[in-house]
Amino acid sequence: MEEKKHRLFAFINAENMFNYENGIELTHVEPGLTRGVLRARPSSYNSEGRIHGGAIATLADTIAGCCACSKGGDCVTSSSSLEYLRAGQGDLFCEATPKKLGRNLSVIQVVITDTAGKTVATGTFTFFMTRPGEA
């Protein structure tokens, strides 16, 4: 499957949608691996001049969810754990890989890095897999 033709690109990168409006872009999808970027903008920063933890969590949740759905299907987040390891500044990059891709539950690990390649955060997300129209 050609990378930019995956159904997730049309939804995640659509103009005027939540991810688009918050600077999040899905950049790579293949079964069991997704990547995305948070393009930092003034609204991404907290009062300390660092990327807001909520923006980092949103990036991680979005890209992890895409990984859970990378072989098809839909999902909703069931639980998440995110460890913030250093302050984030500038664009941030997220890579998501599965610990388990299941029929009912999928568990995805994420690593978020900065432009220097330093790890900003890591985490684990669990998704309840749904059928279209179910959630």
Side-chain angles (χ1 to χ4, degrees):
M1 172 182 325
E2 188 177 318
E3 180 180 316
K4 293 289 183 180
K5 295 200 185 248
H6 197 286
R7 70 176 179 88
L8 291 170
F9 283 100
F11 178 71
I12 299 299
N13 295 344
E15 289 186 25
N16 301 314
M17 295 297 285
F18 180 82
N19 295 303
Y20 178 87
E21 294 297 327
N22 285 284
I24 295 171
E25 179 186 355
L26 177 64
T27 59
H28 178 90
V29 177
E30 65 182 78
L33 173 67
T34 56
R35 292 187 184 106
V37 60
L38 169 65
R39 305 228 184 262
R41 48 180 70 171
S43 61
S44 304
Y45 289 88
N46 63 23
S47 61
E48 303 281 323
R50 296 174 179 91
I51 300 295
H52 192 284
I56 295 170
T58 300
L59 171 64
D61 184 49
T62 299
I63 303 307
C66 290
C67 186
C69 297
S70 63
K71 289 186 174 183
D74 294 314
C75 67
V76 294
T77 307
S78 175
S79 68
S80 65
S81 171
L82 199 59
E83 301 83 35
Y84 297 94
L85 305 175
R86 67 174 31 87
Q89 296 187 354
D91 292 350
L92 297 181
F93 305 90
C94 182
E95 182 171 287
T97 55
K99 289 184 173 185
K100 173 191 178 189
L101 287 177
R103 190 173 63 116
N104 295 313
L105 287 177
S106 291
V107 181
I108 310 296
Q109 57 191 15
V110 298
V111 177
I112 298 172
T113 56
D114 61 17
T115 55
K118 293 185 178 180
T119 302
V120 172
T122 60
T124 302
F125 288 75
T126 301
F127 296 92
F128 177 70
M129 304 307 295
T130 64
R131 290 165 203 61
E134 178 184 276

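Residue Ala40 comes nearest to Tyr45 through the heavy atom pair CB-OH, 3.7 Å, listed as atom of the first residue, atom of the second, then distance. Across Ala96 and Val110, no two heavy atoms sit closer than the pair CB-CG1, 3.9 Å. Taking each heavy atom of Ile108 and Leu101 in turn, the nearest pair found is CD1-CD2, 3.9 Å. When all heavy atoms of Cys75 and Met129 are compared, the closest pair comes out as CB-SD, 3.7 Å. Taking all atoms of both residues into account, the shortest heavy-atom contact from Phe127 to Gly65 is CZ-N, 3.2 Å.
Not a single donor-acceptor pair under 3.5 Å links the side chain of Asn22 to the backbone N or O of Ile24. Side-chain atoms of Asn13 never come within 3.5 Å of backbone atoms of Glu25 as a donor-acceptor pair (strictly under, hydrogens ignored). Looking only at distances, no side-chain donor or acceptor of Ser70 sits under 3.5 Å from a matching main-chain atom of Leu33.
The same ILVMFWY cluster, assembled from side-chain heavy atoms under 4.5 Å apart, contains both Leu82 and Ile51. Under a hydrophobic clustering in which Ile, Leu, Val, Met, Phe, Trp and Tyr are joined whenever their side-chain heavy atoms come within less than 4.5 Å, directly or via other members, Ile56 and Phe18 fall into different clusters. Taking hydrophobic clusters as Ile, Leu, Val, Met, Phe, Trp and Tyr residues chained together by side-chain heavy-atom distances below 4.5 Å, Val111 does not share a cluster with Ile63. Put simply, Val107 and Ile112 are part of two different groups of oily side chains (I, L, V, M, F, W, Y) that touch within less than 4.5 Å, one to the next.
For the pair Leu59/Phe93, no side-chain contact is recorded, criterion being any heavy-atom separation below 4.5 Å from C-beta on. Side-chain contact between Cys66 and Ile12 is present, with heavy atoms from C-beta onward closer than 4.5 Å.
Taking the salt bridge (charged side-chain N to carboxylate O under 4.0 Å, His left out) definition, one finds that Asp91 meets it with Arg39, sequence neighbours left out. Here Glu48 pairs with Arg50 under the salt bridge (charged side-chain N to carboxylate O under 4.0 Å, His left out) rule; sequence neighbours left out.
Summarising the geometry, atom CG belonging to Leu8 is positioned 6.0 Å from atom SG belonging to Cys69; distances are rounded to the nearest 0.5 Å. The OG1 atom of Thr122 lies 13.0 Å from the CD atom of Glu95; values are rounded to the nearest 0.5 Å. Expressed to the nearest 0.5 Å, how far CG of Leu105 lies from OG of Ser79 amounts to 8.5 Å. To the nearest 0.5 Å, atom NE2 of residue His28 and atom SG of residue Cys67 are 10.0 Å apart. We find the NE2-CG distance between His6 and Leu26 to be 9.0 Å, quoted to the nearest 0.5 Å. The structure places NZ of Lys100 at 14.5 Å from CD of Gln109, a figure rounded to the nearest 0.5 Å.
Other residues, nucleotides and ligands place no more than 12 heavy atoms under 6.0 Å from the OH atom of Tyr20.
When hydrophobic side chains of Ile, Leu, Val, Met, Phe, Trp and Tyr are connected at separations under 4.5 Å, Leu85 ends up as a singleton with no cluster partners.
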